[in-house]
Peer 1: 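Provided herewith is a single structure, encoded as structure tokens, for subsequent inquiry.
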Amino acid sequence: MMVQTGGDFEGNRKIRTLAPCAAGGNCDWTELKEPLAVGRWYSSNQLLPSGIRQIIVGGRAAASYEFYPKRKPGEGAFKLGMLAGTDNLYPFVYLLPNGDLFIFANRNSVQLNWGSGKVVRNYPIIPGNPRNYPSAGSAVLLPLTSQTGFGVAEVMICGGAAAGASRTGNVNAPASASCGRMVVTAGNPKWAMSNMPIRRTMGDMINLPSGDVLIINGAQNGFQGWGKANNPALNPVNYNPTTGRYQVFAKTNIPRLYHSTANLLSDGRILLAGSNTHQFYTYTGKFPTELRVEAFSPPYLQNGNRPAMTGWPRTLKYKQVFVVTFNVPARNGGVEVIMNSAPYVTHTYAQGQRQVKLKTTAPVKAGRGWSVQATAVPGATIAPPSYYIMFLVQNGIPSNGVWVKQNN
């Protein structure tokens, strides 16, 4: 079931659900009678380990969080002081391996034990500029891996508008090129800073099946809002978390500024849509409302030695050992099985995005092809019950993905 919370005007406290139906069915959104405890517009949602309950964090004039479904009848909202102030809408929220939450807003971040309601850790302030709406940086949780027992969580936050740009209305202020990485599970976490080759606000960051991070969309000047940015960032940039190197890719000819999105497809491409810097649909001017949809193809799709999965489980239990079979023109390099969540992307933030790299054995011959054994993640704090795209990756080159359901 899909759940949508909050919004503008009469939708400010609404909760809506959509139960799926078969092709040709008549399913539709249902507006629940139970409202949110407070109005929430520009808030962030994170699925919790139950796979049923989610936490809803922040929003305009909402320095608090709440749950849906409620943990008990009549439960309200819970204050979180770091959400007060400016440049803190659509806070970045990530479920950590121990079940706590990492929450980032503006330049500040905390570790929240949502069960007790206690902030158990305040992290160092990220250097540089504000990173959340309307300053519009972007963020990603780097892959959780079996090599570390899925216990090491590292966050990367990039770009955003210049400090003070949104407050002063400076639509020409150069955006930030800086990125910060921090191992938020470390005993003494610190930001490690680097610079992207292209400065960017309103960029989207996507976990690619290769293990790299794609930074795409956005502008080089200005900030989020109607007509508040210019100088489109047309070139996607690839970031390799292992080497720390950036690579500039070929540019698009379609500017994607405010209200644009990027989503990973199961075939490995990135679906790009949107860009509307106006209050209403406007088809004239410098940046008209964009109705075209395009797909960006990372270089791994041009590799002629892509594996193809031939057998896999449709559902997984935690800790389950399972077999994946595959064909590939030439066997070389390492092989791993990974799973990507299906996030909701808006305003430069992919809510719920995570990638897990499963324990995978060395390939062995299986008939005319190959097989590996993989082990599902150990629990729901690593990958909450949901649908994921599973890829088999050889030497950095992914197969087409398949949908699997991770169950309790």
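Owing to the predicted nature of the structure, the values given are computational and were not obtained by experimental measurement. When a residue number appears, it is its place in the shown sequence, counting from 1.
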Peer 1: Any donor and acceptor pair, going by atom type alone, linking the side chain of Y318 with main-chain N or O of A383 inside 3.5 Å?
Peer 2: yes

Peer 1: Take F104 and Y123 through the test ring pair (Phe, Tyr, Trp, His ring centres under 6.0 Å) and record every step on the way to the result.
Peer 2: CA-CA 9 Å; F104 180 102; Y123 292 100; 9.7 Å; no

Peer 1: I'd like to know whether CZ of R121 has more than 12 heavy-atom contacts from other residues, nucleotides or ligands below 6.0 angstrom.
Peer 2: yes

Peer 1: Centroid-to-centroid, F78 to Y65, below 6.0 Å?
Peer 2: yes

Peer 1: Would you say the ring centers of H278 and Y258 fall short of 6.0 Å from each other?
Peer 2: no

Peer 1: Determine whether N217 and D204 satisfy the following criterion, side-chain hydrogen bond (donor to acceptor under 3.5 Å, both in side chains), listing intermediate values before the conclusion.
Peer 2: CA-CA 6 Å; N217 295 337; D204 290 288; 2.9 Å; yes

Peer 1: Take a 6.0 Å sphere around OH of Y281 and say whether it holds more than 12 heavy atoms from other residues, nucleotides or ligands.
Peer 2: no

Peer 1: Taking the six-membered ring of W370 (Phe, Tyr or Trp), confirm whether the NZ or CZ of R331 is under 6.0 Å from its centre and within 45° of its axis.
Peer 2: yes

Peer 1: Residues two or more places apart in sequence or in another chain: which of them pass salt bridge (charged side-chain N to carboxylate O under 4.0 Å, His left out) with R269?
Peer 2: D267

Peer 1: Less than 4.0 angstrom from a charged side-chain N to a carboxylate O is my criterion; do E290 and R256 meet it?
Peer 2: no

Peer 1: Mind checking what makes salt bridge (charged side-chain N to carboxylate O under 4.0 Å, His left out) contact with R107, not counting sequence neighbours?
Peer 2: none

Peer 1: Please check this pair: side chain of N276 against backbone of T289, looking for a donor-acceptor N/O pair closer than 3.5 Å.
Peer 2: no

Peer 1: Please list all pairs meeting disulfide bond (SG atoms under 2.5 Å apart) that have one or both residues in residues 168-222, counting only residues at least two apart or in different chains.
Peer 2: C158-C179

